[in-house]
Amino acid sequence: MPSRFNCNLALRSLVAVLQPFLVLASSNPYANLQAPTSDNATVACKSIQVALGSPKVETRTGPDYNQTINSPRNLFNTEFHPTCIVFPRDSADVKVAMSLIFEFEVEYAVQAGGHSANIGWNAVDNGVLISFQFMDHVAYDPSRDTIIMQPGARWGQSVTELEHYGVAPVGGRVDDVGMGLLLGGGLSFLSPAHGFGADNFVELDVVLVNGTLVTSTATNEYSDLFRALKGGANRFGIITRYEVQAVHTGHADEKTWFGGLITYPESSSEALAKAISHYIENNNDPNAVHVSGVGFLGVDNPGGPAMVGTSYLFYNGTELPQSIFGEFLSIPSVSRNLTALSYRDVIFYVQGEGVNTTGHGLLWGASALIGGENTDDLYLESLKYWKNFSNTFSSEFTISSLAFTPVPLSQILYGRERSGNAIDPPLIGYNAVLFGVIPPAGVLKISDAMEEGRQLLLEQLPASPGFPLYVNECDSKQEVFATYGSYEFLKRTYAKYDPSRFNVKHTRGPLGL
Ligand SMILES: Cc1cc2nc3c(=O)[nH]c(=O)nc-3n(C[C@H](O)[C@H](O)[C@H](O)COP(=O)(O)OP(=O)(O)OC[C@H]3O[C@@H](n4cnc5c(N)ncnc54)[C@H](O)[C@@H]3O)c2cc1C
Ligand SMILES: *[C@@H]1O[C@H](CO)[C@@H](O)[C@H](O)[C@H]1NC(C)=O
Ligand SMILES: *[C@@H]1O[C@H](CO)[C@@H](O)[C@H](O)[C@H]1NC(C)=O
Ligand SMILES: *[C@@H]1O[C@H](CO)[C@@H](O)[C@H](O)[C@H]1NC(C)=O
Ligand SMILES: *[C@@H]1O[C@H](CO)[C@@H](O)[C@H](O)[C@H]1NC(C)=O
Ligand SMILES: *[C@@H]1O[C@H](CO)[C@@H](O)[C@H](O)[C@H]1NC(C)=O
Ligand SMILES: *[C@@H]1O[C@H](CO)[C@@H](O)[C@H](O)[C@H]1NC(C)=O
Ligand SMILES: *[C@@H]1O[C@H](CO)[C@@H](O)[C@H](O)[C@H]1NC(C)=O
């Protein structure tokens with residue numbers, strides 16, 4: 001009798017894991033042996049609900065459940081219907097939820113800002129979703145000069161709330177992206193000077209896969225876990241508190257940065273590709289940063305399909321130095337808007353404050369390319385293959401893009417000097433390459449032909465051997481961890497903290513462990 005079996009399990013689990021809640025459990029109908037149950041996920045959900053109380057656990061009829069599933073950042077997530085969503089308020093709640101997920105061997109996923117483009121990495125069907133939307137506090141600790149963030153905070157929010165102190169974390173470049181960014185590394189406008197976001201970890205509270213809560217630092221007994229979490233994505237536990245180094249970025253009225261956006265016509269795209277290639281070889285000034293690439297506007301463009309080049313260029317200083325940005329500045333452009341900016345302005349530059357970007361699915365893929373004149377051909381080849389994809393499928397997307405973020409040597413060295421990360425690139429600057437496709441609003445399934453075309457392009461895009469792919473911008477089929485400098489370390493550390501391989505069996509995420 002499976003239902004009776006499962007109810008016994010529910011009780012056994014409550015006794016073993018939730019001693020303090022037994023009084024509550026005995027008065028709860030779900031703990032009754034006659035209660036109807038269907039599968040382990042249902043039992044796990046009911047057990048978590050007994051332990052945490054109803055408001056923190058919702059099934060399909062709940063208002064927060066509805067909102068989480070029906071207005072996600074990535075429209076594809078509306079296809080996933082967890083048995084319940086847990087909305088923890090603190091680490092203790094996460095500990096309870098994870099213990100029961102582990103006990104009942106159910107599928108699960110964790111969602112923070114919800115921006116993952118990888119289907120199922122932050123969503124689950126018929127399992128337990130842990131959503132951090134009610135754990136979003138951000139605070140500055142002046143005595144330690146650190147920033148403490150709960151896992152559900154957003155980057156624009158953190159910059160806004162801390163502006164008063166003149167500090168900011170090394171986080172995302174776009175307002176509503178969330179803290180999950182740090183676990184994949186984190187590419188920030190501050191990164192050339194201050195490393196990947198994760199390189200600034202000071203202390204992390206982590207709920208291990210078996211529900212044990214530990215605090216890990218660069219020097220305590222969990223230092224291996226600490227390093228693995230800098231690039232290990234969702235594989236090494238659930239982070240319930242991030243303490244990171246504060247960066248002194250100044251107040252909103254201190255326009256200490258200079259830069260903005262240049263847009264280019266299609267005819268400039270090859271020159272732009274070369275500028276991107278040359279920049280990463282020739283420049284290692286930590287005050288300089290850019291993100292540049294090409295975009296192909298498809299179905300929703302009023303004038304029909306069109307290609308544009310874009311460069312967001314910023315310099316921590318009073319101008320964009322010619323010696324660094326000269327090539328970008330001299331290419332024929334359509335528009336340029338370069339002004340003095342505060343760090344807060346920089347963060348809200350790429351995506352304006354409060355812009356609603358939900359309603360579309362997201363699809364990504366990654367490559368990595370070193371630069372310099374010898375590699376110009378690889379950049380031109382990337383452009384050619386991407387254009388072919390974009391021309392072929394322009395009637396099936398709103399935007400197709402190919403974007404390049406420099407990871408200069410200064411950034412790589414910063415990480416090495418701070419106990420290292422799992423990504424561990426060679427000591428040569430390179431570009432993280434992102435191929436993105438945004439289908440039209442409301443489209444839940446792309447055509448098989450476009451998916452084949454996407455996979456073909458990911459094979460065609462040249463990659464410099466030995467350079468790491470960026471997990472936060474990859475396609476779920478890409479073997480990203482295998483490109484890390486510290487892959488062997490990552491595998492060892494995973495085996496130590498999840499000996500039964502529960503995470504890789506029960507939650508979707510990067511391959512290779
Ligand atoms: C518009 C846009 C702009 C972006 N800009 C940048 C950028 O500037 N720099 C950059 O580096 N990346 C950027 N990204 C990529 C971004 O890093 C990834 O999408 C990242 O996954 C976002 O984290 P999240 O918390 O928003 O998403 P989520 O999808 O909620 O989380 C991402 C992954 O991390 C896991 N996760 C989240 N929180 C936890 C936790 N506490 N414990 C364990 N696992 C957890 C989730 O399960 C999921 O697998 C951008 C993405 C988008 C869509
Ligand atoms: C979810 O909310 C929407 C409106 O916000 C409503 O139309 C819909 O019926 C709700 N769905 C469920 C399952 O409650
Ligand atoms: C349900 O959980 C029990 C352990 O509590 C486990 O033995 C069993 O395999 C699980 N069932 C499924 C279908 O995963
Ligand atoms: C900007 O540059 C100045 C001078 O080079 C430096 O002191 C400051 O720390 C930099 N700011 C950031 C946020 O890196
Ligand atoms: C130029 O950038 C500034 C700062 O972000 C913005 O306020 C202004 O509207 C922009 N101007 C144009 C013409 O886009
Ligand atoms: C954002 O846009 C989507 C789709 O267009 C809509 O469903 C959603 O309600 C909007 N969200 C907000 C906060 O306006
Ligand atoms: C262009 O794209 C189409 C569709 O993916 C593909 O069939 C074709 O082989 C591509 N051509 C080249 C030269 O890559
Ligand atoms: C949980 O996992 C960790 C890491 O593998 C291990 O050290 C610890 O003993 C485990 N705790 C329990 C209660 O099994």
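Atom set for the values below is all heavy atoms of this structure, side chains included, hydrogens, waters and symmetry mates excluded. Predicted model, so just to flag it, every value in this text is computed and none were measured. In listed order, ligands and their atoms are each counted from 1.
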side-chain hydrogen bond (donor to acceptor under 3.5 Å, both in side chains), that's the test. Do N503 and Y497 meet it? Break it down for me.
CA-CA 10 Å; N503 176 284; Y497 286 96; over 6 Å; no

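- Considering backbone and side-chain atoms together, T339 places no N or O closer than 3.5 Å to any N or O of ligand 5.
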Going through the checks in order, is the side chain to side chain contact (heavy atoms under 4.5 Å, CB included) test met by Y484 and F489?
CA-CA 10 Å; Y484 281 13; F489 161 81; over 6 Å; no

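- Exactly one residue among L490, V504, N234 makes a side-chain contact (heavy atoms from CB on, under 4.5 Å) with P510. That residue is N234.
- For atom 14 (O) of ligand 5, a protein heavy-atom neighbour is present inside the 4.0 Å cut-off.
- Closest protein heavy atom to atom 2 (O) of ligand 5: N337 ND2, 2.4 Å.
- For atom 9 (O) of ligand 5, no protein heavy-atom neighbour is present inside the 4.0 Å cut-off.
- For atom 5 (O) of ligand 8, the nearest non-hydrogen atom of the protein is K496 O, 3.2 Å.
- Counting atoms of ligand 3 from 1 in the listed order, those under 4.0 Å from a heavy atom of E103 are 4 (C), 5 (O).
- Heavy-atom proximity to P499, at under 4.0 Å, picks out these atoms of ligand 8: 5 (O).
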Start with the C-alpha gap between F502 and F102, add the side-chain angles, then the distance that decides, and say whether ring-ring contact (aromatic ring centres under 6.0 Å, His included) holds.
CA-CA 8 Å; F502 186 83; F102 187 72; 5.1 Å; yes

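- A cation-pi geometry, defined here as NZ or CZ lying under 6.0 Å from the six-membered ring centre and within 45° of its normal, holds between K491 and Y487.
- Side chains of N126 and D39: no donor on one and acceptor on the other come within 3.5 Å.
- In summary, the aromatic rings of Y279 and H290 are positioned with their centroids under 6.0 Å apart.
- Distance from atom 4 (C) of ligand 5 to its nearest protein heavy atom, with residue and atom name: Y349 CE1, 3.9 Å.
- Among T212, V209, N210, the residue whose heavy atom lies closest to atom 3 (C) of ligand 8 is N210.
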